[in-house]
Amino acid sequence: GAGVSQSPRYKVAKRGQDVALRCDPISGHVSLFWYQQALGQGPEFLTYFQNEAQLDKSGLPSDRFFAERPEGSVSTLKIQRTQQEDSAVYLCASSLGPRGGLRPQHFGDGTRLSIL
Amino acid sequence: AQKITQTQPGMFVQEKEAVTLDCTYDTSDPSYGLFWYKQPSSGEMIFLIYQGSYDQQNATEGRYSLNFQKARKSANLVISASQLGDSAMYFCAMREVNNAGNMLTFGGGTRLMVKP
């Protein structure tokens with residue numbers, strides 16, 4: 001597709017359930033990023049992939065958060081045993097260049113996660 | 001310390017007038033990029049404009065221009081001839097070349113409201 005695609009657009013889950021969020025980056029984009037955006041705030045970095053390698057996961061808030069990109073294209077962000085504080089918009093972004101590039105990141109529409 | 005500071009939580013501008021959104025940043029990396037993104041109420045993050053730390057001229061993209069003052073560490077966004085569709089959240093972000101993760105660090109955003 002032309003842009004970054006994320007699904008689902010909205011997700012409601014009960015506290016304690018596991019959720020999986022999908023990101024389909026722009027074709028050919030090497031770098032993929034996940035961000036978390038709390039209501040009324042700027043996005044905060046979660047994790048970064050270069051192709052299939054997860055080079056930085058320093059922003060993941062706990063070991064309940066797990067991300068993968070097994071074939072270097074589609075990525076999944078999984079949150080286990082969800083908590084209310086996980087409620088946020090999860091944004092995926094991709095960019096053409098690998099490490100060292102300053103090309104802009106292109107974002108998807110995000111997944112709005114609500115934990116009841 | 002905050003890496004990106006946007007001091008204006010909200011701004012009003014009259015339609016067809018120009019508006020400046022402030023952004024200051026903090027980095028010790030000599031090579032970095034500064035980005036502005038627009039986020040309408042629908043949630044998608046739209047890339048607007050980019051300025052590299054070594055660029056000699058201020059970046060311009062249509063009605064958007066970036067007033068880059070390196071010594072002051074500021075990168076203000078100027079929108080000329082405001083339109084009703086410009087009403088949105090605006091985020092300033094920075095990417096440091098020597099940062100291993102290549103992530104964007106965002107400010108807290110400015111909500112711009114264009115009055116008819």
Side-chain angles (χ1 to χ4, degrees), chain A residues 2-6 8-11 23 26 29-51 53-60 67 88-114, chain B residues 2-10 21 23 25 27 29-55 59 61 64 66 68 75 88-111:
Chain A
V4 178
S5 177
Q6 290 187 249
R9 189 81 171 89
Y10 302 92
K11 177 69 178 178
C23 172
I26 294 172
H29 276 197
V30 169
S31 297
L32 185 146
F33 303 80
W34 284 97
Y35 294 85
Q36 180 190 59
Q37 186 177 22
L39 189 63
Q41 298 182 21
E44 293 192 350
F45 169 77
L46 293 176
T47 188
Y48 161 62
F49 290 86
Q50 182 179 314
N51 295 307
Q54 189 174 21
L55 297 187
D56 189 343
K57 53 182 180 179
S58 62
L60 296 176
V89 175
Y90 290 84
L91 293 164
C92 177
S94 70
S95 68
L96 184 60
R99 180 182 186 280
L102 281 174
R103 297 175 186 270
Q105 295 178 18
H106 298 275
F107 284 79
D109 290 349
T111 293
R112 185 176 297 275
L113 176 64
S114 298
Chain B
Q2 291 284 337
K3 283 201 171 186
I4 298 286
T5 303
Q6 296 181 253
T7 58
Q8 307 151 312
L21 306 183
C23 172
Y25 60 92
T27 181
D29 192 335
S31 183
Y32 53 89
L34 296 157
F35 303 80
W36 277 91
Y37 285 85
K38 172 184 179 181
Q39 189 175 44
S41 56
S42 50
E44 72 269 33
M45 294 284 283
I46 302 167
F47 166 70
L48 296 178
I49 195 167
Y50 158 78
Q51 180 85 42
S53 58
Y54 293 118
D55 292 344
E61 288 287 347
Y64 304 108
L66 206 153
F68 181 48
M89 284 291 291
Y90 288 81
F91 291 97
C92 179
M94 177 173 64
R95 192 170 179 182
E96 297 159 287
V97 170
N98 293 320
N99 181 307
N102 253 346
M103 78 282 277
L104 287 171
T105 303
F106 286 84
T110 295
R111 180 173 299 281

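Protein chains get the first letters and strands the later ones, always in sequence-line order, with residue 1 at the start of each.
Ranked by non-hydrogen atom pairs under 4.5 Å with chain A, the options B/Phe47, B/Tyr37, B/Tyr50 are led by B/Tyr37. Of the listed residues (A/Ala93, A/Pro43, A/Gly42, A/Gly110), the one with the most heavy-atom contacts under 4.5 Å to chain B is A/Pro43.
Between A/Pro104 and B/Phe35, the shortest heavy-atom distance links the atoms CA-CE2, 3.5 Å.
Contact of B/Gln39 with chain A is made through the side chain alone, with heavy-atom distances under 4.5 Å. Looking at A/Gln37, only its side chain comes within 4.5 Å of chain B, counting heavy atoms on both sides. For chain B, the nearby parts of A/Gln105 are the backbone and the side chain; heavy atoms of each come within less than 4.5 Å. Heavy-atom distances place the backbone of B/Tyr32, and not its side chain, under 4.5 Å from chain A.
Checked against ring pair (Phe, Tyr, Trp, His ring centres under 6.0 Å), A/Tyr35 has the following partners two or more places apart in sequence or in another chain: A/Phe107, B/Phe106. Evaluation of the side chain to side chain contact (heavy atoms under 4.5 Å, CB included) rule for B/Glu61 yields B/Ile49 as partners, not counting sequence neighbours.
For the atom pair CG of A/Asp109 and CD1 of B/Ile46, the computed distance is 9.0 Å after rounding to the nearest 0.5 Å. Considering OG of A/Ser95 and CZ of B/Arg95, their distance stands at 4.5 Å, rounded to 0.5 Å.
B/Arg111 places no side-chain N or O within donor-acceptor distance of the main-chain N or O of A/Gly40, the cut-off being under 3.5 Å.
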Q | Stepwise side chain to side chain contact (heavy atoms under 4.5 Å, CB included) check, A/Ser31 with B/Met103 | A | CA-CA 10 Å; A/Ser31 297; B/Met103 78 282 277; over 6 Å; no
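No more than 12 heavy atoms of other residues, nucleotides or ligands shown are found within 6.0 angstrom of CD on A/Glu44.
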